[in-house]
Amino acid sequence: MNADISNAWQKVQAMVNGFFTLLPNIVLALIVFVIFFFVARTIKQVVKRLTSNRRHARNLGMVLGRLAQGATILLGLFISLTIVIPTLRAGDLVQLLGISGVAIGFAFRDILQNFLAGILILLTEPFQIGDQIVFKNFEGTVENIETRATTIKTYDGRRIVIPNSELFTNSVQVNTAFDHRRLEYDVGIGYGDDIDRAKQLILEAMHETEGVLREPAPDALVMELAESTVNIRARWWIQPPRRADALDARDKVLTAIKKKLTANGIDLPFPTQQILFHDQTEETDGDRSRQREGWPAGKGKVPKPRSISDSLRKLAEMRSQSNGSTGDSEAVSTRDEV
């Protein structure tokens, strides 16, 4: 029993002595790692600062800065480990990292997929920070593009975090990719109105509206002969193409078109329905040998028109005949009983 306790105590003393022996190396390793950590952050900031003024190189600078930071931290970790464990060789570390990488890859497959997609998005730049995009049911301004996810701020003040793998494998609409943007709206006029005159008035209204570009020029095209209206599509261009500018231009253009058309007597009808009560039983209906208004053609003679007085007289005759036949039947029954 005493021998076991003595052996355990000797092991504890050996561990303590080994710790104090390695303590200077551990402190030196920590100092080296901290230095590499701050150097990595400095490298990232320098790369970001160098590319911040260049719009097309900004995302590339973010990628290079993050990769340089990660590589510098990894190098510092390797040097710190060799200081603490002098027997550690580079081959052993690479082998350990390879085995660990396979295990981590299976365990964090989705995270790594988002990471690689984020790197590709930052390199290919389908959109940039500050662009306004539409992704599925979300629309807003890109706030940040990270290696794992992209955050957008919606127009009603909410933040949406979208995984990069979804952005990379699905369609994204970028509203601010170009300097100009075209807007359009269908204006319905009456069938009795002059189409050329209405198109001219619509063009005048768009030309007089502030914010509508002269080049490319606005236009007005007849698009549809609808149930109640002739639809003319008004199309105009704006700059810049941001959401607030689009809404403001839409408000001004539609207001100007409405005022211009109504001031010149152009009708802006709303949907109406016409119901025809038609039975093809009167002479005034015309020729019954032709199909009219959806009714099948008749082969018989055209009935004479009847007035209300004729209808009442006919009804009285029918009732009198009915009463007469009833009285005769009662008389026959009485004679039979006698």
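Counting begins at 1 with the first residue of the sequence.
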Fill in: Glu224/Arg233 salt bridge by N-O under 4.0 Å criterion
no
Quick check: do [X] and [Y] have side-chain heavy atoms less than 4.5 Å from each other?
| X | Y | result |
| --- | --- | --- |
| Arg197 | Lys199 | no |
| Ile73 | Phe36 | no |
| Asn175 | Arg242 | no |
| Asn144 | Ile129 | yes |
| Pro241 | Asp179 | no |

So how far is it from [X] [atom1] to [Y] [atom2], rounded to the nearest 0.5 Å?
| X | Y | atom1 | atom2 | result |
| --- | --- | --- | --- | --- |
| Lys260 | Glu204 | NZ | CD | 5.0 Å |
| Asp156 | Glu139 | CG | CD | 10.5 Å |
| Phe115 | Leu120 | CZ | CG | 10.0 Å |
| Leu213 | His207 | CG | NE2 | 11.5 Å |
| Gln113 | Arg148 | CD | CZ | 13.0 Å |
| Gln173 | Asp131 | CD | CG | 12.0 Å |

Answer yes if [X] and [Y] sit in the same cluster of Ile, Leu, Val, Met, Phe, Trp and Tyr residues linked by side chain heavy atoms under 4.5 Å apart, and no otherwise.
| X | Y | result |
| --- | --- | --- |
| Val174 | Trp237 | no |
| Val134 | Leu167 | no |
| Ile162 | Leu116 | yes |
| Ile133 | Tyr155 | no |

Surrounding [atom1] of [X] (heavy atoms of other residues, nucleotides or ligands, distance under 6.0 Å), is the total greater than 12?
| X | atom1 | answer |
| --- | --- | --- |
| Arg159 | CZ | no |
| Lys153 | NZ | no |
| Glu210 | CD | no |

Check for a donor-acceptor pair, side chain of [X] on one end and backbone N or O of [Y] on the other, with a separation under 3.5 Å.
| X | Y | result |
| --- | --- | --- |
| Thr229 | Ala226 | no |
| Gln132 | Arg243 | yes |
| Asp248 | Ala244 | no |

Practice prompt. Check Asn114, Thr169, Thr150 against Asn164 for a side chain to side chain donor-acceptor pair (under 3.5 Å) and give me the one that passes.
Written response: Thr150
Discussion item. Clusters formed by hydrophobic residues whose side-chain heavy atoms approach within less than 4.5 Å: which one holds Leu225, and what are its other members?
Written reply: Leu183, Tyr185, Val187, Ile189, Tyr191, Ile195, Leu201, Ile202, Leu203, Met206, Val212, Val222, Val230, Ile232, Trp236, Ile238, Val253, Leu254, Ile257, Leu261, Ile266, Leu268
Practice prompt. Begin with the C-alpha distance, continue with both residues' side-chain angles, and end with the deciding distance and a verdict on side chain to side chain contact (heavy atoms under 4.5 Å, CB included) for Phe127 and Ile121.
Written response: CA-CA 8 Å; Phe127 52 84; Ile121 288 175; 4.2 Å; yes
Worksheet, complete the sentence: What one should report as the nearest heavy-atom pair of Gly190 and Pro269 is N-CD, 3.6 Å
